[in-house]
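This report refers to the structure that appears directly beneath it.
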Amino acid sequence: MLTAKHTLVAMVTDKPGVLNRAASLFRRRGFNIDSITVGHSELPHVSRMTIVVVGTAAMVEQVRKQLEKLVDVIKVADVTGEGTIIRELALIKVKATPSTRGEIMQIVDIFRAKIIDVSTDSLVIEATGDEDKLSSLYNMLRGFGIKELARTGCVAMVRGGAKSAPIDKESLKDIQ
Amino acid sequence: MKKTGSQILCECLINEGVDVMFGILGGVVIPFYDTLPQYPQLKHILVAHEQGGAHAAEGYARATGKVGVCIATSGPGATNLVTGIADAYMDSVPLVAITGQVARPLIGRDAFQEIDITGITLPITKHNYLVTDTASLATIVNEAFYLASTGRPGPVLIDIPKDVLTSTAEFNYPEKASLPGYKPTVRGHSSQISRAAKVINEAKKPLIVAGRGAIISQAYEELKQLAETAQIPVITTLLGISSFPESHILSYGWLGMHGMAYANLAVEECDLLIAVGMRFDDRVTGKISGFAPNAKIIHIDIDPAEIGKNVRVDVPIVGDIKPILKSLNKEINKTEHLEWISRMDLLRKEHPSINIRDTESIIPQYVIRQIYEITRGDSIIVTGVGQHQMWAAQHFWFDKPNSLITSGGLGTMGYGLPAAMGAKVACPEETVWCIDGDGSFQMNIQELGTIARENIAVKIAIINNGYLGMVRQWQELFYEKRYVATSLQCPDFVKVADAYNIPGITVKDKIEVIPSIKKAMETEGPFLLNFIVEPEENVYPMVPAGAALSEVLEEPLKKVRCK
């Protein structure tokens, strides 16, 4: 059985405790979560979760169905695949001396990241990209000394005109 | 018109068709109880312990198919409900549990008897609510009953702060709950149904396994029609018992750890397994890799998450059993599986599984068979959990639809007495027998008080072997007879019953078994029978935990005093 990283997009009602319900479900059923993020969606009263989970196809399908069983969860779609844009934001505080600053700035350029804060002995870098890109950047910077790292976890969206996790008309009517 | 939260709650309960609630009051729910006299159509039964209240509501729900309601105060009242709620969750029982909560300004301050019951019950409820304003109470109660009773039924908890009960709001009862994230599938997919029909029509050795889903859906006729049209043998799960009459020529008992050997062996041999409203629990499947190794599997269930959870499925159909079977039956060819049925009959002949030995002493199997004979099977049987539960399931013949109420998924000892009480309240015209073990019975023995006060005519048969018998059996078979902490010092149950003014008899001689059961049946009101049985009798057949169904142990020669 092949395990792989899957990205799920869940549309949920923005009721208190909905993140807790989802997180509790993963813990209880022994599902391994790489990251989980939640924020607003284009619909009023509907939040959007992005969940990255590692497992076999069957296990991930079970995660999807168990999530969808939660009353506050409207729709869950597995958007893993070529046609999906996955992005994450990272803030990296790296040690920088006058002699290393130039080299770090070059690396930052190559990764199309940004320097958003400078001090005498450090730089804060803001980078967005998929997980691989952020990990490569991190690895490149590690030699300089990482003081702090903050990553947001992934958000995902399918390419093209279709919605990532379309909600049927019937349910839309009930969302007030 | 403005009403208080308490009044709104009462009006909502009446609107939902609630006629009885089981509960115990306490500080924060006094405002609700204070309103009850304004609503005489709402009957409240005061129980002795909240766990008993939850199980009684379960018994009520399982006997009627209606939503059972239990009520507790905040803190310990609420936590005492937890076992009952978990039990209802595991066995898909429609239950609404109402708990009081400390007043809103006190929440989060560790106030007296404050507990985060919505947090605690998160993994054991279908959904739960903390009501934060009186105006939303009616909508929440409406949603709670809708959620509990539709789709795959389950428990829903509503936690209501004291000041929500005392504040006022406009009361308008919502007509229909609308939840964007909750749309249970009822009708099965027609192409899936056709695929299933094709597979059934082609099968040489098909086998139906019916679970509690068939009972919840009341698909008795449809199930029978499917079995009869294509001449398919039917076995059930423990919770599926009484979905199909056990005296039917196509009935071959039930499968699983203590199921009939022939039922388990049939699972090994069949080439098609039609799972109807069951969830492939480990007690049912045995070692999963050895389960139905030669069979395709059709799985019909209303819960999509059950499909493929434990076993691979060839043809899944998601939806309500009754309409699905109705559609399916239209596409089933009339067939006779003569060879397969005679094979099944041979399996049953070679592995009789439930013969009762002739003994001098009282053995539990004999007691249960006599209850069956004397009631002629016309009784609702409610059990606790343990050996007696398995014997009751094996030796009573369940022909009457939905006549066994037992805790399957959670395996809750202490379930029997309160659940029997709830079932009898729900069905006063029915005979209700609580068959319990001496260990299990003592876990909610206090409900004798409720039964006595309310004169709930439950007939109680305690299978008293002086042990936590099922554990003792495991110790005997798998722990070299080291009986650690399984021997019980039981009180004289008849004296205990007498203290509550409930009549009872202790039965030590086999010759007394039949007259005592008759006496219990003839006496009006509750009655307790304390059967002193062979202490080290074991439940067979048995599939050891982790073994495949084919590795079933059949009864070895016993050292009981045989005639």
Side-chain angles (χ1 to χ4, degrees), chain A residues 1 8-31 38 41 43-49 55-78 165-176, chain B residues 86 89-90 92 107-108 116-133 136 139-140 143-144 146-148 150-152 154-157 159 174 176-185 279-280 288 299 301-313 316 318:
Chain A
M1 284 283 215
L8 303 180
V9 169
M11 307 301 281
V12 306
T13 52
D14 63 351
K15 296 260 173 70
V18 59
L19 182 61
N20 188 12
R21 285 178 201 277
S24 149
L25 175 83
F26 296 132
R27 179 193 51 76
R28 174 163 59 100
R29 300 244 175 219
F31 299 141
V38 60
S41 74
L43 298 164
H45 309 292
V46 176
S47 301
R48 179 175 177 129
M49 278 185 194
T56 62
M59 197 199 107
V60 174
E61 177 60 3
Q62 185 56 208
V63 172
R64 194 190 66 73
K65 288 196 287 196
Q66 291 292 349
L67 261 181
E68 226 163 41
K69 228 168 108 167
L70 295 177
V71 171
D72 287 337
V73 174
I74 305 164
K75 175 85 185 179
V76 187
D78 186 346
I167 297 174
D168 64 47
K169 278 191 192 134
E170 185 85 352
S171 304
L172 270 174
K173 224 171 41 191
D174 295 331
I175 298 166
Q176 317 112 9
Chain B
Y89 184 72
M90 293 292 271
S92 310
I107 290 179
D116 173 18
I117 195 64
T118 46
I120 288 172
T121 57
L122 201 68
I124 52 165
T125 48
K126 192 168 168 183
H127 197 55
N128 64 22
Y129 297 89
L130 169 65
V131 186
T132 51
D133 67 311
S136 65
T139 307
I140 286 174
E143 285 178 8
Y146 175 64
L147 286 169
T150 55
R152 177 179 180 172
V156 179
L157 178 132
D159 196 26
K176 184 179 159 285
S178 71
L179 293 147
Y182 181 74
K183 305 273 181 256
T185 311
R279 60 181 180 86
F280 299 98
I288 208 95
H299 190 186
D301 203 284
I302 198 157
D303 181 355
E306 285 303 337
I307 308 288
K309 187 182 79 179
N310 293 341
V311 299
R312 57 174 174 88
V313 172
V318 175

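Just so we're on the same page: letters track the sequence lines, and every chain starts at 1.
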Self-check item: Region of B/Ile307 that comes under 4.5 Å of a non-hydrogen atom in chain A
Solution: both

Quiz item: Can you say whether B/Leu122 sits under 4.5 Å from chain A via the side chain, the backbone, both, or neither, judging by heavy atoms?
Solution: side chain

Practice problem: Mind ranking A/Ile167, A/Val12, A/Ile74 by heavy-atom pairs under 4.5 Å with chain B and telling me who comes out on top? | Solution: A/Ile74

Quiz item: After noting the C-alpha distance and the side-chain angles of A/Lys65 and B/Asp303, does the key distance pass the side chain to side chain contact (heavy atoms under 4.5 Å, CB included) rule?
Solution: CA-CA 9 Å; A/Lys65 288 196 287 196; B/Asp303 181 355; over 6 Å; no

Self-check item: Exercise: identify the closest heavy-atom pair between B/Ala305 and A/Gln66
Solution: CB-NE2, 3.7 Å

Quiz item: How long is the span from the CD atom in A/Glu68 to the OH atom in B/Tyr182, to the nearest 0.5 Å?
Solution: 13.5 Å

Practice problem: Examine whether an atom of B/Arg312 lies under 4.5 Å from a heavy atom of chain A, and if so say whether it belongs to the side chain, the backbone or both; otherwise answer neither. | Solution: neither

Quiz prompt | Part of A/Asp168 within contact of chain B (heavy atom distance under 4.5 Å) | solution = neither

Practice problem: With a 4.5 angstrom heavy-atom cut-off, could you sort out which part of A/Val73 is near chain B: side chain, backbone, both or neither? | Solution: backbone

Quiz prompt | Side chain, backbone, both or neither of A/Arg21 within contact of chain B (heavy atoms, under 4.5 Å) | solution = both

Quiz item: Checking heavy atoms, do the side chain of A/Glu61, its backbone, both or neither come under 4.5 Å from chain B?
Solution: neither

Quiz item: chain A heavy atoms under 4.5 Å from B/Lys183: which part of the residue, side chain, backbone, both or neither?
Solution: side chain

Practice problem: Measure across A/Thr13 and B/Pro180 and return the closest heavy-atom pair with its distance rounded to 0.1 Å. | Solution: CG2-CG, 3.7 Å

